[in-house]
A.B. asks: 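First the structure, then my questions, so here it is.
Residue numbering restarts at 1 for every chain, and letters A, B, ... go by the order of the sequence lines.
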Amino acid sequence: MTLHLYNTATRNISEFKPLQPGKVGIYLCGATVQAPPHIGHIRSGVNFDILRRWLMATGFDVTFIRNVTDIDDKILHKAVHEEIPWWAVAMKYERAFTDAYKALNVLPPTYEPRATGHITQMIELMKTLIEKGHAYAPGNGDVYLEVRSLKSYLTLSNQKIDDLQSAGDSEDTFKKDPRDFALWKAAKPGDPSWPTPWGPGRPGWHLECSAMAQAYLGETFDIHGGGLDLIFPHHENEIAQSEAAGYGFAKVWMHNAWVTTAGEKMSKSLGNSLQVHELTKRVRGIELRWYLGSAHYRSMLEFSFEALEESAVAFRRIEAFLDRAIELLGKTPEGIIASGFADAMNDDLAVPAALAFISETVKNGNNAISAQDMNSLSLAVSQVRGSLNILGCDPRDEAFSNSATSNTDAIDGLISLALQQREAARARKDFAASDAIRDQIAALGIVIEDTPQGPRWTVSK
RNA sequence: GGUCGGAUGGCCGAGAGGCGAGGCUCAGGACUGCAAAUCCUGCUACACGGGUUCAAAUCCCGUUCCGACCUCCA
């Protein structure tokens, strides 16, 4: 089975056929950097990171572009509110996003273009759109896209222009039609601006993505992704701009669903506690990633702290298996992709089915430990590692290595001393003494387990 | 009003006409000096009402409830 993906544009799952054999271009709508990232933002990052890793693992040369929109209304408002320059706001939150991506092992994009770095491309695009008669500059410094001049509009969200609710108070009379949207906004006093043939101003919301996608992926590219709520208006407007300019634009549109709370799209009231840097205080980054990636990307993920904790426990079970197995094998088998895992991933990234495969494999591996069947065990470890790697959750990925392990040898020596005492006590059937030693060590956060190979210790998580 | 999605066991979460997804929790068992870990067994659910079918959680019709978008949205 080859990779099949759901395409929002066609509303069905179909075989993925790259424009060029062996290559894939992906454009993911990244952050508008006006607030710290919450898990909804980062779920999108994780979902598309899994797609990217899967494409890479199956032999594609992936060009992954994830933009940063570093100029928009909210950023300007925030700058006033926080009493710092708008560009300082953008940088501050861009850094917060970068930290969050890193904490969750989201691979850095091939390139991460910023809107403000592509004003030239935006102006060129607007010139083209005006030449082709699809955009107009009414003279006040704004530039609008004339949506009724397009032969098709709203094809992605399957709406009709006249069915849209009218946009509140239509004060701006510069628009030919209330549905027309701003490609470019005339400068207001105090706002940042860039010079254009139509006067100084700044980009509207949608223009940057069309300009940057074209700049890095060409006029036609394979996959465009983002959150479900970007379908309209953002992606519709991108399509409108790009197709009006004569570009083929994206072949496949993919949208991840939300993280919800109490059945609703994540509310602002919970927003703070669901910020990535808050949740990584509660669970490790790898565990948060496991949780966010565990539901199918097109399904709503109903967030709760209980579910998060449970998910982390389930992950630790897999991690503990790897620890035991690698200890027993005396080596770390490299990851491989098993067909059971591949079949799941090829089916529109059916991660839940892939997790079932991992569970089965861990069970087989644990049985292999009992049976001392090293070949089977080695295979199980390889398959689990290979699977976890695609999900970005291989505990042995260098991304998750922490410097604390440098003390391991010293700790191991100290605990070994205590364990020798305990073994001596056990040998003379003085279980009160042996249990006391175990309890004292446990009180320090270190778990002792007796195995057929002797006692082993782990730091309780 | 328009467009789109959802309702699955104690909980999370897949599936989309027939073969008990999987995980977590819980109960019992094996192993163990005891733990822990692991394994085995058990808990057979699909909002409601009709219909189609040999067979429906899945398809059709209707109903209820919940949610999203409609120019700030991951």
A.B. asks: Determine the interplanar angle of the A:Phe341 and A:Phe357 rings, folded into 0 to 90°, and report it as parallel if under 30°, tilted if 30 to 60°, perpendicular if over 60°.
C.D. replies: tilted
A.B. asks: Once you round it to whole Å, what is the distance between P of B:C70 and NE2 of A:His234?
C.D. replies: 14 Å
A.B. asks: Mind checking the C1' distance from B:G33 to B:C24? Whole angstroms is fine.
C.D. replies: 31 Å
A.B. asks: By nearest nucleotide on RNA chain B, pick out whichever of A:Asn367 and A:Tyr6 is the more 5' one.
C.D. replies: A:Tyr6
A.B. asks: Give a yes/no on whether any side-chain N or O of A:Lys363 is located under 4.0 angstrom from OP1 or OP2 of B:G22.
C.D. replies: no
A.B. asks: Would you say A:Asn366 reaches B:C39's phosphate, i.e. side-chain N/O to OP1/OP2 under 4.0 Å?
C.D. replies: yes
A.B. asks: In dot-bracket, 5' to 3', how would RNA chain B read with Watson-Crick or G-U wobble pairs under 3.5 Å, [ ] for crossing ones and | for pairs to another strand?
C.D. replies: (((((((..(((.....[...))).(((((.......)))))....(((((..]....))))))))))))....
A.B. asks: Contact class for A:Gly226 (heavy atom, under 4.0 Å): base, sugar-phosphate, or nothing?
C.D. replies: sugar-phosphate
A.B. asks: Between B:A27 and B:C19, how many Å separate the two P atoms, rounded to a whole number?
C.D. replies: 31 Å
A.B. asks: Check whether more than 12 heavy atoms from other residues, nucleotides or ligands sit under 6.0 Å from atom CZ of A:Arg298, and answer yes or no.
C.D. replies: yes
A.B. asks: Could you list the protein-to-nucleotides 33-35 of chain B atom pairs, N/O on both sides, closer than 3.5 Å?
C.D. replies:
| from | atom 1 | to | atom 2 | distance (Å) |
| --- | --- | --- | --- | --- |
| B:G33 | N7 | A:Arg426 | NH2 | 3.3 |
| B:G33 | O6 | A:Arg426 | NE | 3.2 |
| B:G33 | N1 | A:Asp435 | OD1 | 3.0 |
| B:G33 | N2 | A:Asp435 | OD2 | 2.7 |
| B:C34 | O2 | A:Arg438 | NH2 | 2.6 |
| B:C34 | N3 | A:Arg438 | NH1 | 3.0 |
| B:C34 | N3 | A:Arg438 | NH2 | 3.4 |
| B:C34 | N4 | A:Asp450 | OD2 | 2.8 |
| B:A35 | N6 | A:Asp450 | O | 3.4 |
| B:A35 | N1 | A:Asp450 | N | 3.0 |
| B:A35 | N3 | A:Arg438 | NH1 | 2.9 |

A.B. asks: If the cut-off is 4.0 Å, is A:Asn158 near the phosphate of B:C4, judged by side-chain N/O to OP1 or OP2?
C.D. replies: yes
A.B. asks: Once side-chain hydrogen bond (donor to acceptor under 3.5 Å, both in side chains) is applied, do any residues pair with A:Glu278, and if so which ones, sequence neighbours excluded?
C.D. replies: A:Lys281
A.B. asks: In whole angstrom, give me the gap between the C1' atoms of B:A30 and B:A36.
C.D. replies: 15 Å
A.B. asks: Does a side-chain N or O from A:Thr260 land closer than 4.0 Å to OP1 or OP2 of B:A68, or not?
C.D. replies: no
A.B. asks: For A:Arg317 and B:U38, is the shortest distance between a side-chain N/O and OP1 or OP2 below 4.0 Å?
C.D. replies: yes
